[in-house]
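Comments concern the structure below.
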Amino acid sequence: MEDARHTHRISLTVNGAPVEAEIEDRLHLGDFLRREAKLTGTHLGCEHGVCGACTVMVDGQAVRSCLMLAVQARGREVTTVEGLAAADGTLSPLQEAFREHHALQCGFCTPGMLTSLTAFLRDNKAPTDREVREAISGNICRCTGYQPIVAAALAAAGASEGEG
């Protein structure tokens with residue numbers, strides 16, 4: 001029986017740095033980020049696009065990395081949770097708000113929440129409580145009850161309003 005595996009050479013930008021690899025065509029972006037790019041902040045949960053733990057940004061849009069093939073990211077800009085802080089390690093306003101509002105407990109959902117909310121807050125400078133809840137409705141958190149996450153998002157939106 002013939003081996004049906006096909007590989008592709010891909011180049012993309014991850015957190016501002018170029019990444020190149022020879023990969024199987026069926027490798028998901030989440031697995032690529034963890035295995036090939038050695039960025040383990042992206043968590044893989046359900047691997048069906050339901051839980052939101054694997055959310056990253058592709059060209060600025062929140063995407064479930066378990067539902068996107070790595071070859072589809074060829075030539076694109078991918079931002080993972082590791083890419084949200086400044087190069088010197090300074091937390092983003094949203095990350096700082098998560099810390100201040102105790103918006104994480106076990107931390108499994110946190111990377112997906114942060115990347116989803118980063119994309120959302122970029123386009124929604126003054127969201128309501130309801131809009132934030134809708135924005136994270138595709139991200140499952142089993143620990144926090146969501147209230148601290150919503151409070152952190154609203155605080156971060158207020159902080160970035162002042163940055164003008």
Side-chain angles (χ1 to χ4, degrees), residues 12-19 28-68 70 73 76-164:
L12 61 150
T13 303
V14 181
N15 299 331
V19 176
H28 289 103
L29 180 58
D31 291 323
F32 171 82
L33 293 168
R34 292 181 63 82
R35 293 181 198 163
E36 304 297 325
K38 307 293 187 217
L39 296 168
T40 57
T42 300
H43 294 161
L44 298 172
C46 68
E47 297 191 33
H48 295 284
V50 176
C51 74
C54 70
T55 304
V56 298
M57 291 185 291
V58 177
D59 294 336
Q61 300 301 310
V63 171
R64 302 289 199 261
S65 67
C66 72
L67 296 180
M68 183 176 189
R76 299 176 86 178
E77 172 73 36
V78 176
T79 304
T80 68
V81 69
E82 292 95 340
L84 298 181
D88 68 358
T90 302
L91 298 178
S92 72
L94 181 61
Q95 290 172 306
E96 187 63 33
F98 261 58
R99 188 186 64 75
E100 289 174 7
H101 291 271
H102 308 287
L104 60 109
Q105 287 181 24
C106 82
F108 195 80
C109 73
T110 304
M113 287 285 189
L114 287 168
T115 53
S116 294
L117 284 168
T118 296
F120 170 74
L121 292 174
R122 180 195 61 231
D123 299 331
N124 299 278
K125 302 295 184 199
T128 64
D129 181 281
R130 184 177 185 163
E131 289 169 331
V132 171
R133 288 180 186 281
E134 187 174 319
I136 61 171
S137 65
N139 295 69
I140 296 173
C141 175
R142 300 191 187 275
C143 299
T144 68
Y146 297 95
Q147 189 53 44
I149 295 169
V150 173
L154 292 171
S160 63
E161 258 184 54
E163 292 174 5

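No experiment lies behind these values; they were computed from the predicted model shown. All values below come from the heavy atoms of this structure, side chains included, with hydrogens, waters and symmetry mates left out.
The shortest side-chain heavy-atom distance between Val81 and Thr110 does not fall under the 4.5 Å cut-off. Contact check for Arg133 versus Gln147: side-chain heavy atoms found under the 4.5 Å cut-off. At a threshold of 4.5 Å between non-hydrogen side-chain atoms, the residues Leu117 and Ile149 count as touching. The shortest side-chain heavy-atom distance between Ile140 and Cys51 falls under the 4.5 Å cut-off.
Between Gly45 and Ala53, the closest heavy-atom pair is N-CB, 4.4 Å. In plain terms, the two heavy atoms of Arg76 and Asp59 that are nearest each other are NE-OD2, 2.9 Å. Taking all atoms of both residues into account, the shortest heavy-atom contact from Ala119 to Gly60 is CB-O, 3.8 Å. Residue Val78 comes nearest to Ala73 through the heavy atom pair CG2-CB, 4.3 Å, listed as atom of the first residue, atom of the second, then distance.
Scored by the side-chain contact (heavy atoms from CB on, under 4.5 Å) test, Ala17 finds no partners at all (sequence neighbours excluded). When the side-chain hydrogen bond (donor to acceptor under 3.5 Å, both in side chains) test is applied to Glu82, the partners found at least two apart in sequence or on another chain are Thr80. Residues satisfying the side-chain contact (heavy atoms from CB on, under 4.5 Å) criterion with Ala151, sequence neighbours excluded, are His101.
A 6.0 Å sphere centred on CD of Glu134 holds no more than 12 heavy atoms belonging to other residues, nucleotides or ligands.
The backbone N or O of Ile136 lies less than 3.5 Å from no partner atom in the side chain of Ser116, so there is not a single donor-acceptor pair.
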Pair Thr55, Val63 - check side chain to side chain contact (heavy atoms under 4.5 Å, CB included), show working. CA-CA 5 Å; Thr55 304; Val63 171; 6.0 Å; no
